[in-house]
Amino acid sequence: ELDCVIRSQDFDDAGNNPDLRPEFNLALIFGLAELLAQSRGVSTDRYLSLKSLAKEHLNNAKNIDHETGDITMHLGGEYRE
């Protein structure tokens with residue numbers, strides 16, 4: 001089993017676009033909706049629904065990167081069985 005962490009840069013090469021993986025799009029959208037709802041007079045039921053969806057999408061995005069399966073690594077350009 002191998003676990004890897006690949007850190008993204010804060011911004012892309014143009015320097016003005018956040019470097020986010022696509023899996024985080026819904027988490028970002030619903031997270032922002034939750035933050036804005038408090039100051040926009042959204043009903044408590046609607047706010048709690050947004051908060052739940054934001055948390056669900058964030059958890060989904062965090063867990064989407066875990067892949068299972070075998071990996072073969074070849075070091076030094078040689079392959080040996």
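Note that this is a predicted model, so its numbers are computed, not measured.
Taking the ring pair (Phe, Tyr, Trp, His ring centres under 6.0 Å) definition, one finds that Phe24 meets it with nothing, sequence neighbours left out. Remark: Gln38 engages Tyr47 in a side chain to side chain donor-acceptor pair (under 3.5 Å) (not counting sequence neighbours).
Using a distance-only test at 3.5 Å, with no hydrogens or angles considered, a donor-acceptor pair links the side chain of Ser39 to the main chain of Leu36.
Tested against Phe30 for a side-chain contact (heavy atoms from CB on, under 4.5 Å), the candidates Leu35, Leu53, Asn25, Leu58 yield a single pass: Leu53.
The CD atom of Glu56 sits 10.0 Å away from the CG atom of Leu26 when rounded to the nearest 0.5 Å. Rounding to the nearest 0.5 angstrom, the gap separating the NZ atom in Lys62 from the CD atom in Glu23 is 14.5 Å.
Residues Leu50 and Ala37 share a closest heavy-atom pair of CD1-CB, 3.8 Å.
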